[in-house]
Amino acid sequence: MTSVIDSMLKLFGSPQAAGSSAVSLIVAVVIAGLVVFTIMAVMAIVAVYFERKVSAFMQDRIGPMEVGIFGFKGGKQFWGGIGQTLADTVKLLVKEDILPKEADKKLMIMAPFIIFIASFLTFIGVPLSENLVVSDFNIGIFYVMAAGSIGVIGIILAGWSSNNKWSLYGALRSAAQIISYEIPIGLSLMLVVIVAGSLNFGDIVAWQAEHRWFFIHSPFAFVAFIIYVIAGVAETNRTPFDIPEAESELVAGWMTEYSGFRWSIFFMSEYANVLIISIIASVVFLGGWLSPLAIFGVHFTWLEGPLWGLFWIFSKAVFFVFVMMWFRWTFPRLRVDQLMYFCWKVLIPFALANIIFISVWELIF
Amino acid sequence: MAEQLKDFSLLHSDEMVLNMGPQHPSTHGVLRLKIHTDGEIVSRIEPIIGYLHRCFEKHCEYLTYEQIVPFTDRTDYLAAMNMNDAFAIAVEKLLGIEIPERVQYIRVIMAELQRIASHLVAVGTFGLDVGGITPFTWTIRDRERILDLFEYVCGARLLYNYIWVGGVSHDLPEQFIRRTLEFLDYFEPQIDEYNQILTYNKIFIERTADVGTLTPEVAVNYGCTGPVLRGSGVKWDLRKTEPYAVYDKFDFDIAVGDGRMGTVGDTWDRYFVRIVEMKESVKILRQALAQIPGGDVHAAVPKKVRIKEGSVYSRYESARGEVGFYIIAGGKDKPMRVKMRSPAFCNLSVLSEIAEGWMISDVIAILGSLDIVLGEIDR
């Protein structure tokens, strides 16, 4: 597996002179960064539209129907109102940017960018298809987890600097929640690492191509998959674990005082995190860019390759995104102590036992 | 070690006062709660009311009896038919007039439809309070159909002015009984759907069972009525215990909390009483629609209500509990004094008793289960 940066550097030519190599490195990084940013922005726009339509579907409504794009409206179809999120984006960007008088202005300005940087950095290590990863770390899983957990700093800063009691509550809840739920996520991914013997996403998928997909690898791996999905929903602060921004309790949690562009950055990062969690779930447990037909032993060579890999990985990820939305529009919200109880007394013991059992399983088989 | 502990005790710690409302998504209007918190734990709650005070009782002294009816609409705007009915019954008691049977039946039908509509809002917004958004849209969708029926009857969807002193403003339209029966056939299975998505959801039960338990003694001492009192297991429903109108002709049960998911009188019980009450209302409606007699609805409507002397206290079971009207007639066409007993006010007063010691999220859930309407509390 080669990374996008590596192949771009090769493309730009010979790295003989030190100066030109530095320039080409910067160009490669900037291009890759722009691509990642575009993916995140487009993903947020598409996800918001998808979320609206899914929620409308669940709630016996039709969702946005009026706003079109380039003269195309869609009518009473699923894609009706397709321009709605674009219009919303414009609205958010031109909205007045409010900083409360008593707020800690520097921190308040900084916080959204820290959260954004966290999901941006995470995206760098996330594979989108075979040979399509911005930077291919040999410690991919570790990197993704480490970079993802930077975001909580931004959340605490946002909550603290807003000088609002609701924000403070939201920030503290969020800190407790995200730090706790990283442990079951880490433990369930650890199981896969033990079996595959590598932290690299490419190697993990290669292992799955050779043997079988991880969620059907063993009963323990399946439990780990379930734990990962549940903890992943909690990690992205979505219902039933959305206590940090609990709309009916904390107004908007740590985002209460934010508006306009800064708020839209939070929004974008949230959906980017949802996508990251979904992509990692599909790469690690559902065979990533492998065709699902391979499970049944059917191999069509024309259904493989990087482009089809992109398609498969996104189909699996979109399925996860849909499941998360499904959760969101069906479940009520847990209370903060129940959330902690669920993490520390249910998920973590199961995840730990899982690791022991899978080690024994690996010794036997 | 002891030194360290001593230092630790010197750390300054204080309660945080959290101002919830009057602008807050889940205070159900313009209620303001001053919450003293220790971390997430609530140590003291002071409800502050009066943001929607519109001098209803004083206004009544300057209006004729007929003119007061639209004002009663605006007190409990989620159960406006009930308020019309309660006031009309009080004035009729004072007048001592006999109401035609058909009018009695129409009023019962309206009151029960309104009770369902009001409980639908209570159930839906309670779902919102604990974080479930979809139940709200479902209950509101079904409430719309009741409002459609009301619009068909009297042209208004929220504030009706339909039940007048001595009668109702119009007779029922031709197709009303058929449409109401159609609605009931549609609505009954929907209750099971609410149960599936909300009532028996594991997370929902975790959030509400054993939370904010209201013991029967406390409930009675605070004067709680309606679903809040019945949730604590007290069989008290004015429709049964002190039947007015034609309620003694119908066969229905009083829904009481039985502590099925936790203790008797917890938040889940208060919620579930409303679900059962909707089913009971459907029962009453079916009987009333089958038995409704013919006749003139305007027979007893007085041209001008003028009451000599005297006073009356009339109690009525609205969707939120006992609505009482104490009217002193001054010999003119206007009352000398009107006092309204608001059920939601008494129900709200119990909040600090049952919610202290719980978490902020629980306060929201408990408040939602009390189902207050600020228009009626402040009047």
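Residue numbering restarts at 1 for every chain, and letters A, B, ... go by the order of the sequence lines.
- Salt bridge status for A/R335 with B/E206: absent, with no side-chain N to carboxylate O gap under 4.0 Å.
- The closest side-chain heavy-atom distance from A/T330 to B/T134 is not below 4.5 Å.
- A heavy-atom distance below 4.5 Å is not found between the side chains of B/K202 and A/F331.
- Checked by atom type, the side-chain pair A/R173/B/S361 shows a donor-acceptor distance below 3.5 Å.
- In terms of heavy-atom pairs under 4.5 angstrom with chain A, the leader among B/V363, B/L198, B/V130 is B/V130.
- A/V336 has its side chain within reach of B/M359: a pair of non-hydrogen atoms, C-beta onward, lies under 4.5 Å apart.
- Contacts between B/R141 and chain A at a heavy-atom distance below 4.5 Å involve the side chain alone, from C-beta outward.
- For A/Q59, the parts lying under 4.5 angstrom from a heavy atom of chain B are both the backbone and the side chain.
- The two atoms that bring B/R207 and A/R333 nearest to each other are NH1-O, 3.0 Å, heavy atoms only.
- Interatomic distance, B/I197 CD1 to A/W329 CH2, rounded to the nearest 0.5 Å: 11.5 Å.
- The local environment of CZ in B/F345 is sparse, with at most 12 non-hydrogen atoms from other residues, nucleotides or ligands closer than 6.0 Å.
- Heavy atoms of B/M16 lying under 4.5 Å from chain A belong exclusively to its side chain.
- More than 12 non-hydrogen atoms from other residues, nucleotides or ligands lie less than 6.0 angstrom from OH of B/Y186.
- The local environment of CZ in A/F222 is sparse, with at most 12 non-hydrogen atoms from other residues, nucleotides or ligands closer than 6.0 Å.
- Contacts of B/L128 with chain A are made by backbone atoms alone, with heavy-atom separations under 4.5 Å and no side-chain atom involved.
- Between B/E40 and A/Y169 there is a side-chain heavy-atom pair separated by less than 4.5 Å.
- Under a cut-off of 6.0 angstrom, the local environment of CZ in A/F350 is sparse, with at most 12 non-hydrogen atoms contributed by other residues, nucleotides or ligands.
- Crowding of A/F322 atom CZ: a count of heavy atoms from other residues, nucleotides or ligands under 6.0 Å exceeding 12.
- At most 12 heavy atoms of other shown residues, nucleotides or ligands fall within 6.0 angstrom of atom NZ in B/K34.
- For CD of B/E151, the number of neighbouring non-hydrogen atoms (other residues, nucleotides, ligands) closer than 6.0 Å is greater than 12.
- With rounding to the nearest 0.5 Å, the separation of CG in B/N19 from NZ in A/K165 is 7.0 Å.
- For CZ of A/F319, the number of neighbouring non-hydrogen atoms (other residues, nucleotides, ligands) closer than 6.0 Å is 12 at most.
- Among B/G368, B/G131, B/P135, the residue making the largest number of heavy-atom pairs under 4.5 Å with chain A is B/G131.
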